[in-house]
Colleague: 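This is the structure, below, for whatever I ask next.
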Amino acid sequence: LTPTNTPTIPSAATATQTPTHTTTNGPTASPTLTPTATPTQTSVPVYDGFVELPANRDATIYSDPNHVDNANSVGEHLFAGLNGHGYIRRALISFDVQGAIPAGTMVTNAELTLSMTRTSGGNVVEDLHRVTTPWQEGTSDAPGNEGSGTTPTTNDPTWNYSVYNTTSWTTVGGDYSGTLSATQNVNGVGFYKWSGVQMVIDVQDMIDQSSSNYGWLLKQQGETGDTTAKRFSSRQNATTAERPVLRIEYAYPTSTPTQTPTGTPTATVPPTATPLPNQSVPTSGSWSILVLLGVISLALLSRMRRGPSV
């Protein structure tokens with residue numbers, strides 16, 4: 001018997017599985033609209049109000065060559081116009097507006113009311129001008145009807161002095177603006193009002209620039225003729241209802257404007273896709289080795305079934 005050689009089946013090459021990574025495609029990044037703040041003004045409540053102020057100083061100054069610097073600071077009356085001799089009378093009046101009006105106020109109207117209680121003539125025009133120099137109120141108190149004034153006391157305003165007898169007016173008769181603040185026709189006994197755009201400007205400036213608040217000067221327009229003077233009640237008048245009043249109407253915001261955001265689209269990019277590992281797949285080379293091994297195995301099995309060779 002001839003020994004039969006049992007073929008040795010060569011070791012099959014093992015296909016090495018090399019992991020591969022493929023990227024799993026996630027959704028394409030597209031912008032997401034996110035609102036961002038755009039400032040817009042919200043409505044701000046506005047408070048409207050008014051205040052009626054009494055005068056805090058008033059006086060009459062007299063042009064009279066026979067009684068130089070006569071005064072009347074605390075008498076019951078004020079005078080504006082000319083007396084029977086053609087001598088001029090002018091009235092000074094002021095109000096503490098900055099002490100009564102809230103800061104940040106916008107003045108919308110201003111109106112001065114005076115009570116005229118005696119007249120020596122017919123209709124005249126009485127003009128109101130802003131005073132431009134500081135003056136004070138003394139203690140002089142004219143007797144009788146007060147039309148001629150009286151001897152001045154310390155601090156009285158007079159025709160020559162804004163503060164007797166230390167400070168003179170730049171111009172005798174009082175320093176005042178050439179701009180007309182308001183004007184009014186005055187005829188018979190009664191209440192008269194002075195108001196207008198320039199009055200609003202005056203009062204607003206008195207609030208904003210309190211150091212320049214010297215009040216107003218009341219004078220007859222043109223100051224010609226005689227026996228034209230009008231008598232008005234002063235702040236010391238015994239009849240309270242006839243005293244000077246300054247009515248101020250105003251508005252101011254009750255809160256600070258706030259800003260509310262409104263949506264404005266901006267792009268927000270979502271996270272990018274993360275690669276995920278897939279199952280490894282045999283390469284084309286690995287497939288060839290496996291096919292060859294299968295063919296060899298089938299050939300050997302077929303020979304073994306035919307039996308050994310003789």
Colleague: Would you confirm whether N160, through its side chain, and S168, through its main-chain N or O, come within 3.5 Å as a donor-acceptor pair?
Modeller: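 Looks like no, no N/O pair under 3.5 Å.
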Colleague: Evaluate the criterion side chain to side chain contact (heavy atoms under 4.5 Å, CB included) for residue pair R89 and D64; output intermediate values, then yes/no.
Modeller: CA-CA 9 Å; R89 279 84 174 96; D64 189 338; 4.1 Å; yes
Colleague: When hydrophobic residues are tied together by side-chain contacts of less than 4.5 Å, even through go-betweens, does V203 share a cluster with V51?
Modeller: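 The answer is yes; both residues are in one hydrophobic cluster.
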Colleague: I'd like to know if the side chain of T239 and the backbone of E242 have a donor-acceptor N/O pair within less than 3.5 Å.
Modeller: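 No; judged by distance alone, with no hydrogens or angles, the pair does not exist.
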Colleague: Considering all heavy atoms of both residues, which atom of T117 and which atom of S233 are nearest to each other, and what is their separation?
Modeller: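 For T117 versus S233, the nearest heavy atoms are CG2-OG, 3.4 Å.
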Colleague: Taking the six-membered ring of F50 as reference, does the cationic atom of R247 (NZ for Lys, CZ for Arg) lie under 6.0 Å from its centre and within 45° of its axis?
Modeller: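 Yes, a cation-pi geometry.
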Colleague: List the steps, then state whether side chain to side chain contact (heavy atoms under 4.5 Å, CB included) holds for D202 with Q204.
Modeller: CA-CA 6 Å; D202 287 355; Q204 186 71 65; over 6 Å; no
Colleague: Just by distance, do the side chain of Q136 and the backbone of N155 share a donor-acceptor pair under 3.5 Å?
Modeller: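 It does not hold such a pair.
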Colleague: Can L78 be reached from W135 by stepping across I, L, V, M, F, W or Y side chains whose heavy atoms are under 4.5 Å apart?
Modeller: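 They do not share one cluster, since no chain of ILVMFWY contacts under 4.5 Å joins W135 to L78.
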Colleague: Minimum heavy-atom separation for P157 to G138, with atom names?
Modeller: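 In terms of heavy atoms, the two residues are closest at CD-N, 4.3 Å.
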Colleague: To the nearest 0.5 Å, how far apart are CZ in F232 and CZ in F191?
Modeller: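 One finds 12.0 Å between CZ of F232 and CZ of F191.
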Colleague: Quickly, which of T228, V125, V186, I88 forms a side-chain contact (heavy atoms from CB on, under 4.5 Å) with Q220? Name it, please.
Modeller: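 Among T228, V125, V186, I88, the one meeting side-chain contact (heavy atoms from CB on, under 4.5 Å) with Q220 is T228.
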Colleague: Check whether the side chains of S73 and D156 place a donor and an acceptor atom closer than 3.5 Å, and report yes or no.
Modeller: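 Yes, because at least one side-chain N or O of S73 sits under 3.5 Å from a partner of the opposite role on D156.
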Colleague: Could you walk me through whether V163 and T166 pass the side chain to side chain contact (heavy atoms under 4.5 Å, CB included) test, one step at a time?
Modeller: CA-CA 6 Å; V163 181; T166 58; 3.7 Å; yes
Colleague: In sequence, state the C-alpha distance, the side-chain angles, and the governing distance for S94 and D58, and then conclude on side-chain hydrogen bond (donor to acceptor under 3.5 Å, both in side chains).
Modeller: CA-CA 6 Å; S94 74; D58 59 13; over 6 Å; no
Colleague: Hey, is the main chain of E249 close enough, under 3.5 Å, to the side chain of T108 for a donor-acceptor pair?
Modeller: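 Flag set: sc T108 to bb E249 pair under 3.5 Å.
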Colleague: Any side-chain heavy atom of Q236 sitting closer than 4.5 Å to one from S234?
Modeller: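 In short, these two side chains touch, coming nearer than 4.5 Å.
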Colleague: Are side-chain N/O atoms of T139 and T153 paired as donor and acceptor at under 3.5 Å?
Modeller: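 Judged by distance alone, the side chains do pair up.
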Colleague: Does a side chain donor of either S148 or N70 reach within less than 3.5 Å of an acceptor in the other side chain?
Modeller: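 Per modelled atom types, S148 and N70 side chains form no pair under 3.5 Å.
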Colleague: Distance check, rounded to the nearest 0.5 Å: M199 atom CE versus L180 atom CG?
Modeller: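 Interatomic distance, M199 CE to L180 CG, rounded to 0.5 Å: 10.5 Å.
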Colleague: Is there a side-chain contact between P54 and V245 (heavy atoms, below 4.5 Å)?
Modeller: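 The answer is no, as the side chains (C-beta and beyond) never meet within the 4.5 Å cut-off.
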Colleague: Please round to the nearest 0.5 Å and tell me the distance separating atom CD1 of I207 and atom CD1 of I101.
Modeller: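 One gets 5.0 Å once the value is rounded to the nearest 0.5 Å.
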Colleague: May I ask you to test the Y250-N109 pair for a side-chain heavy-atom distance under 4.5 Å?
Modeller: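 They are not in contact (no side-chain heavy atoms under 4.5 Å apart), so the answer is no.
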Colleague: Between R57 and D96, is there a side-chain N and carboxylate O pair less than 4.0 Å apart?
Modeller: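 So R57 does not pair with D96 through a salt bridge.
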Colleague: Of the non-hydrogen atoms in K230 and G121, which two are nearest, and what is the gap between them?
Modeller: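 K230 and G121 have their closest heavy atoms at NZ-O, 3.2 Å.
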Colleague: Are the side chains of S212 and D205 in touch, meaning some heavy atoms are under 4.5 Å apart?
Modeller: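 Result yes, sub-4.5 Å side-chain heavy-atom pair found.
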Colleague: Look at the aromatic rings of H77 and F79 and report parallel, tilted or perpendicular, splitting at 30° and 60°.
Modeller: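 It falls in the perpendicular class, over 60°.
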Colleague: Hey, what do you get for CG (L114) to OH (Y192), rounding to the nearest 0.5 Å?
Modeller: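 One gets 11.5 Å once the value is rounded to the nearest 0.5 Å.
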Colleague: Where the side chain of N83 meets the backbone of H85, is there a donor-acceptor pair that is under 3.5 Å apart?
Modeller: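 Checked: pair present.
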Colleague: Report yes or no: does N72 contribute a side-chain atom to a donor-acceptor pair with the main-chain N or O of A142 at less than 3.5 Å?
Modeller: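 At least one qualifying donor-acceptor pair exists.
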Colleague: Any side-chain to backbone donor/acceptor pair from W194 onto E126? Under 3.5 Å, distance only.
Modeller: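 Checking the backbone N and O of E126 against the side chain of W194, a donor-acceptor pair under 3.5 Å is found.
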Colleague: Shared ILVMFWY cluster between Y161 and Y176, side chains joined below 4.5 angstrom?
Modeller: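 No, Y161 and Y176 fall in different hydrophobic clusters.
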Colleague: Any side-chain heavy atom of T179 sitting closer than 4.5 Å to one from H129?
Modeller: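 No - every pair of side-chain heavy atoms lies 4.5 Å or more apart.
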Colleague: Before giving the answer on side chain to side chain contact (heavy atoms under 4.5 Å, CB included), spell out for V74 and S140 the whole-Å C-alpha distance, their side-chain angles and the decisive distance to 0.1 Å.
Modeller: CA-CA 6 Å; V74 298; S140 59; 6.0 Å; no
Colleague: Charged N to carboxylate O below 4.0 Å: is that the case for R231 and E146?
Modeller: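 So R231 does not pair with E146 through a salt bridge.
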Colleague: Examine distances only and state if a side-chain atom of Y87 and a backbone atom of G84 form a donor-acceptor pair shorter than 3.5 Å.
Modeller: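 No, because the side chain of Y87 does not come within donor-acceptor range (under 3.5 Å) of the backbone of G84.
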Colleague: Report whether L246 and L128 are members of the same hydrophobic cluster (ILVMFWY, side-chain heavy atoms less than 4.5 Å apart, transitive linking).
Modeller: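 Looking at the clustering, L128 is in the same group as L246.
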Colleague: State, to 0.1 Å, how close S120 and T227 come at their nearest heavy-atom pair, and which atoms those are.
Modeller: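 S120 and T227 have their closest heavy atoms at O-CG2, 2.9 Å.
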Colleague: Is W159 linked to W169 within one hydrophobic cluster, defined over Ile, Leu, Val, Met, Phe, Trp and Tyr using a side-chain heavy-atom separation of less than 4.5 Å?
Modeller: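 Yes.
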Colleague: Considering all heavy atoms of both residues, which atom of L218 and which atom of A80 are nearest to each other, and what is their separation?
Modeller: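 Shortest heavy-atom separation between L218 and A80 comes out as O-CB, 3.8 Å.
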Colleague: When you measure from the side chain of D175 to the backbone N and O of T170, does any donor-acceptor pair fall under 3.5 Å?
Modeller: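 Yes: the side chain of D175 pairs with the backbone of T170.
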Colleague: For the atom pair CD1 (I201) and CE (M206), what is the distance rounded to the nearest 0.5 Å?
Modeller: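 Spacing of CD1 (I201) from CE (M206) equals 12.0 Å.
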Colleague: Are E76 and R235 within salt-bridge range, i.e. N to O under 4.0 Å?
Modeller: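 R235 and E76: not salt-bridged.
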Colleague: When you compare the side chain of L92 with that of V131, does any pair of heavy atoms fall below 4.5 Å?
Modeller: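 Yes, their side chains come closer than 4.5 Å.
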Colleague: For Y252 and G49, indicate whether the former's side chain and the latter's backbone hold a donor-acceptor pair under 3.5 Å.
Modeller: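 Not a single qualifying donor-acceptor pair exists.
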Colleague: Nearest 0.5 Å, what's the CZ-CE distance between R118 and M116?
Modeller: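 One finds 11.5 Å between CZ of R118 and CE of M116.
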Colleague: What closest approach, in Å, do G174 and I61 show between heavy atoms, and which atom pair accounts for it?
Modeller: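 Minimum heavy-atom separation between G174 and I61: N-CD1, 4.4 Å.
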